[in-house]
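Notes follow the structure.
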Amino acid sequence: MKICIIGQGYIGLPTAALFTKNHCEVVGVDVNEKVVETLNQGKIHIEEPGIGEIIKKAVEKGVYSASTTPVKADAFIITVPTPYIAENYTCDLSYVISACESILPYLEKGNTVIVESTIAPMSMDDYVKPIFEKAGYTIGKDLYLAHCPERVLPGKIMYELVHNDRIVGGITPECSIKASEVYGQFVEGALMKTEAKTAELSKCMENTFRDVNIALANELTKICTKIGVNALDVIEMANKHPRVNLHSPGPGVGGHCLAIDPYFIYSKAPEYAKIIKLARDTNNSMPEFVYENVKKITPNGKIAVLGVAYKGNTGDDRESPAYEIIAKLKEDNYEISICDPHVANEEYVDLKQSTKDANLILILCDHDEFKDLDYDLIKENMEKAIIFDTKNIIKEVPEDIKLYNYGNLFTF
């Protein structure tokens with residue numbers, strides 16, 4: 001089977017790698033010429049375990065190549081971004097529509113087209129399907145169209161793409177069958193056939209579930225800080241109940257899914273999606289909460305920010321709340337020095353440079369490198385060593401270092 005995958009980012013590239021590993025020929029399409037050049041050299045441009053060696057071997061064997069334009073194939077998979085439009089909370093389908101239009105000259109009867117990008121409910125029926133119908137195809141008879149949303153965890157993408165159950169939402173039952181045959185090349189989890197609109201809403205709701213539960217934990221943190229209770233102890237004790245699973249609070253919610261997908265549901269029925277919107281508002285308020293507490297801990301000076309990725313042990317910083325926190329601190333004339341060993345930026349420095357003469361260490365990401373810091377170095381670099389850990393990854397520090405987290409902010 002020959003597969004053409006539009007978009008070679010955090011989902012498209014791992015998907016391409018797995019198809020090549022399972023006896024398929026893959027052409028990965030990306031608009032970024034530098035990315036295409038890098039991939040054709042057998043190198044990867046994202047940080048995700050398990051991909052690099054597979055792509056390197058696939059290029060050497062001639063079963064993977066990257067291009068800026070599509071090619072003829074048996075199946076086309078679209079994995080492009082779907083930002084949300086802040087003014088009305090709707091899904092921006094422009095990249096998806098452009099990708100669909102880009103493959104029209106290369107389509108042949110019998111092809112399968114799959115949209116993996118997370119999209120708002122009814123997008124396949126209302127916007128995607130008409131593109132191909134206008135081109136003369138009868139969906140379900142001479143072209144098979146489906147929405148199969150990705151549902152993987154950064155850092156474990158290669159494992160989860162294979163082992164997670166997969167939602168296969170066809171425009172028609174025949175479309176679901178054909179799309180399942182494509183994923184059957186490597187997916188070992190169940191292939192759950194359904195209709196496109198159910199698949200769309202299921203994916204959005206998966207992320208909304210987590211967003212709402214994170215909001216509950218973040219709201220609890222604010223309440224505890226006000227009334228003088230250790231929020232982390234409350235969560236730990238409550239979770240001893242066999243049917244309670246409070247999530248972990250943090251500095252906000254980032255990523256291309258959790259911070260955006262709930263809005264896709266809200267935009268369809270704002271009169272009913274009250275909890276969903278309130279959860280988004282709560283999580284969006286956390287950067288301000290962190291900023292206000294930083295000001296209480298240290299009214300001015302230098303802040304050593306540890307981590308700007310939205311998720312630990314990845315280089316993915318999309319929609320990261322860290323950037324909003326940093327912007328607020330800079331507006332208030334704090335000096336900011338950023339350390340993130342997973343995010344490539346020539347302005348970022350190591351722990352030694354970031355903490356030199358700092359007034360506060362602010363942890364915004366749970367990278368493993370930050371869980372066991374060099375405290376001797378920190379004490380040497382800082383006149384008064386203070387850490388504000390918004391991710392609750394540091395469990396204890398030497399007596400001469402002050403640690404603040406969401407369990408003891410109220411004591412300041």
Side-chain angles (χ1 to χ4, degrees), residues 3 5-16 18-19 48 75-84 90-97 99-100 112-129 144-154 156-173 175-212 255-268 276 311 316 318-319:
I3 314 289
I5 301 178
I6 315 298
Q8 291 295 277
Y10 284 95
I11 300 301
L13 187 57
T15 301
L18 286 169
F19 275 117
E48 182 65 34
F76 297 81
I77 300 177
I78 293 169
T79 65
V80 296
T82 48
Y84 82 100
T90 55
C91 176
D92 182 355
L93 289 171
S94 58
Y95 296 115
V96 171
I97 291 171
C100 289
T112 301
V113 178
I114 297 168
V115 176
E116 284 198 10
S117 307
T118 304
I119 52 182
M122 304 307 298
S123 295
M124 291 294 290
D125 286 279
D126 294 345
Y127 299 100
V128 177
K129 181 176 72 168
Y144 303 97
L145 181 61
H147 175 54
C148 305
E150 56 84 10
R151 48 201 327 230
V152 292
L153 182 69
K156 297 183 178 180
I157 291 178
M158 294 297 279
Y159 177 86
E160 294 201 346
L161 280 175
V162 173
H163 297 282
N164 285 3
D165 296 341
R166 194 79 190 230
I167 302 172
V168 183
I171 294 295
T172 69
C175 293
S176 297
I177 293 170
K178 289 292 186 179
S180 294
E181 291 174 358
V182 174
Y183 287 108
Q185 303 296 314
F186 68 82
V187 174
E188 295 179 14
L191 294 168
M192 302 178 292
K193 302 180 188 67
T194 185
E195 56 186 352
K197 59 187 177 184
T198 302
E200 291 165 335
L201 189 52
S202 295
K203 172 57 192 292
C204 289
M205 202 62 205
E206 288 171 9
N207 290 323
T208 299
F209 170 84
R210 293 200 61 228
D211 193 54
V212 169
H256 66 296
C257 287
L258 265 66
I260 293 175
D261 297 356
Y263 287 127
F264 297 169
I265 301 175
Y266 175 76
S267 68
K268 292 296 181 180
I276 292 172
K311 186 172 184 60
D316 195 345
R318 288 174 291 178
E319 304 294 329

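We use all heavy atoms of the structure for the numbers below, so side chains are in, but hydrogens, waters and symmetry mates are not.
- In plain terms, the two heavy atoms of A179 and A146 that are nearest each other are CB-CB, 3.7 Å.
- Legend: side-chain hydrogen bond (donor to acceptor under 3.5 Å, both in side chains) pairs involving residues 161-172, not counting sequence neighbours, sorted by first then second residue: E116-R166, E160-N164, T172-E174.
- Once rounded to the nearest 0.5 Å, the distance linking CD of E48 with CD1 of I157 reads 4.0 Å.
- No side-chain heavy atom of K178 sits less than 4.5 Å from a side-chain heavy atom of V182.
- The shortest side-chain heavy-atom distance between Y95 and P83 falls under the 4.5 Å cut-off.
- When every heavy atom of I276 is checked against every heavy atom of T208, the shortest pair comes out as CG1-CG2, 3.6 Å.
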For residues 194-204, please give each side-chain donor-acceptor pair under 3.5 Å, one per line with the distance, not counting sequence neighbours.
{"from": "E195", "atom 1": "OE2", "to": "T198", "atom 2": "OG1", "distance (Å)": "3.4"}
{"from": "E200", "atom 1": "OE1", "to": "M122", "atom 2": "N", "distance (Å)": "2.6"}
{"from": "E200", "atom 1": "OE2", "to": "S123", "atom 2": "N", "distance (Å)": "3.3"}
{"from": "E200", "atom 1": "OE2", "to": "M124", "atom 2": "N", "distance (Å)": "2.7"}
{"from": "S202", "atom 1": "OG", "to": "T198", "atom 2": "O", "distance (Å)": "2.7"}
{"from": "K203", "atom 1": "NZ", "to": "T118", "atom 2": "OG1", "distance (Å)": "2.9"}
{"from": "K203", "atom 1": "NZ", "to": "E150", "atom 2": "O", "distance (Å)": "2.7"}
{"from": "K203", "atom 1": "NZ", "to": "E150", "atom 2": "OE2", "distance (Å)": "3.2"}

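- In this structure, R210 places its CZ atom where only 12 or fewer heavy-atom neighbours from other residues, nucleotides or ligands lie under 6.0 Å away.
- In this pair, F19 and Y183 present their aromatic rings tilted. The plane angle is within the 30 to 60° band.
- Around atom NZ of K268, more than 12 heavy atoms belonging to other residues, nucleotides or ligands sit under 6.0 Å away.
- A distance of 8.5 Å separates CD1 in I114 from OG in S180, rounded to the nearest 0.5 Å.
- With a 4.5 Å cut-off on side-chain heavy atoms, E206 and D261 do not count as touching.
- With a 4.5 Å cut-off on side-chain heavy atoms, I177 and P173 do not count as touching.
- Side-chain atoms of E319 do not come within 3.5 Å of backbone N or O of I260 as any donor-acceptor pair.
- S117 pairs in a side-chain contact (heavy atoms from CB on, under 4.5 Å) with only one of the listed residues (L93, I78, I6), which is I78.
- For CZ of F186, the number of neighbouring non-hydrogen atoms (other residues, nucleotides, ligands) closer than 6.0 Å is greater than 12.
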